[in-house]
Colleague: 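First the structure, which I've put down as structure tokens, then a few questions once you've had a look.
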2 protein chains.
Amino acid sequence: MFMSISSRFAVGIHILSLIEFNKDGVSSSEYLAGSVNTNPALIRRILGMLKKAGLIEVRPGIAGSKLARSLSDITLLDVYKAVDVVQDNELFSVHDNPNPKCIVGKNIQDTIIPILSTAQLALEKVLGNVTIEDVVKDIVEKEERHS
Amino acid sequence: MFMSISSRFAVGIHILSLIEFNKDGVSSSEYLAGSVNTNPALIRRILGMLKKAGLIEVRPGIAGSKLARSLSDITLLDVYKAVDVVQDNELFSVHDNPNPKCIVGKNIQDTIIPILSTAQLALEKVLGNVTIEDVVKDIVEKEERHS
DNA sequence: TTACATGTAATCAATATAGTTACAAGTTTG
DNA sequence: CAAACTTGTAACTATATTGATTACATGTAA
């Protein structure tokens, strides 16, 4: 019915959390793919994005990824920006070329773009207030509750 | 680079504002399309959604649409929901079938879905606080400033 | 040098968007 | 009534993104 924000974001969170849980082991792309349940190449693409954003350390030929920052210093907003799911100020698309001869057509973009931007920023602010540490702690809690 | 929220939303806002500005005239789909700068059939599809949501009144065969509520009683959230750009709780997609044998795979969905939902609701709250009346007033202001 | 891992390009099926054509059904007017 | 016009929709197209997958070059280590 509509196209939502790419699951690369959710997968990115999954990957970072799992690297933490497996910090004493080797988190190869194949290992991570096994938990996410997808293809190692897809995982490597996302790892590349996380690396480029400075969230993890990976090196060609060397198996495994490590977090490049402390858990509490990686927010979901960092991940969201890293995996390129949404561009700044472009979550909403606005029709272009409205008729400039019409008062509405002439002004609609300038009127709604700041509003849509505010909405997007509100969303991003929520993501900025949650860290991977919070996610990891919640997973631990849920796991304890189920056992 | 990525797929953003459909411009149906922006077009819906445009349409409702224009119906207001043209309240003494006849806002046919052709007239509205001229301002949005697109096809009348596309406009009629969106008008159908706005009608179904109770935001406007249109009748087969009779030219023109009218607002079904007062300006200050139509929020951008109403429009956003009317034109079906995003489903409840599904702005973000989450990968399915993560591996249940892994502590992260087993719990990741339950952990992040509420967070993503909170972010989506924060966005929607902003939209709920802006009415078509605000948009219309802002257009009038901008127009006066430019003349 | 063999085995294995990462990095990345290329391809594919499925699906959403925006635009468009076409036409049935309803309404008004001449 | 008939002509002209409008809405309501279905169907189709081109374009673009997603997620998955294959393939392979490059890098590392036993």
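Note on naming: letters A, B, ... go to the chains in the order of the sequence lines (proteins, then strands), and numbering restarts at 1 for each one.
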Colleague: Rounding to a whole Å, what distance do you find between A:Met49:CE and C:dT6:C1'?
Modeller: 16 Å
Colleague: Check this for me, if you would: do A:Arg145 and A:Glu141 make a salt bridge, where the nitrogen-to-carboxylate-oxygen distance has to be below 4.0 angstrom?
Modeller: yes
Colleague: Which whole-number value in Å describes the distance from B:Glu57 CD to D:dT6 C1'?
Modeller: 17 Å
Colleague: Mark up nucleotides 18-30 of chain C, 5' to 3', with B wherever a protein heavy atom is under 4.0 angstrom from a base atom, S wherever such an atom reaches only the sugar-phosphate, and - elsewhere.
Modeller: SBBBB---BS---
Colleague: Rounded to the Å, how far apart are A:Phe92 CZ and C:dT17 C1'?
Modeller: 17 Å
Colleague: Can you tell whether the side chains of A:Asp84 and A:Arg8 come within less than 4.0 Å, N to carboxylate O?
Modeller: no
Colleague: With a non-hydrogen cut-off below 4.0 angstrom, is A:Lys51 in contact with a base, only sugar-phosphate, or nothing?
Modeller: sugar-phosphate
Colleague: Distance only, no hydrogens: is a donor on one side chain within 3.5 Å (strictly under) of an acceptor on the other, for B:Glu143 and A:Asn107?
Modeller: yes
Colleague: Measure the distance from CD1 on B:Ile43 to P on D:dT6 and round it to the nearest whole Å.
Modeller: 15 Å
Colleague: Between C1' on D:dG8 and CD on B:Glu30, what's the gap in Å once rounded to a whole number?
Modeller: 16 Å
Colleague: Tell me whether A:Ile46 is reachable from A:Val26 by hopping between hydrophobic residues (I, L, V, M, F, W, Y) whose side-chain heavy atoms are closer than 4.5 Å.
Modeller: no
Colleague: Is there a side-chain contact between B:Thr75 and B:Tyr80, using heavy atoms and a 4.5 Å cut-off?
Modeller: no
Colleague: Using OP1 and OP2 only, check whether a side-chain N or O of B:Ser29 sits under 4.0 Å from D:dT7.
Modeller: yes
Colleague: Starting at atom NE2 of A:His95, determine the distance to atom P of C:dT17, rounded to an integer number of angstrom.
Modeller: 16 Å
Colleague: Just by modelled atom types, is the A:Ile5 backbone N or O under 3.5 Å from a matching donor or acceptor in the B:Ser93 side chain?
Modeller: yes
Colleague: Write down the distance between CD1 (B:Ile46) and C1' (D:dT7), rounded to a whole number of angstrom.
Modeller: 15 Å
Colleague: Rounded to the nearest angstrom, tell me the gap between atom CD1 in A:Ile19 and atom P in C:dT6.
Modeller: 11 Å
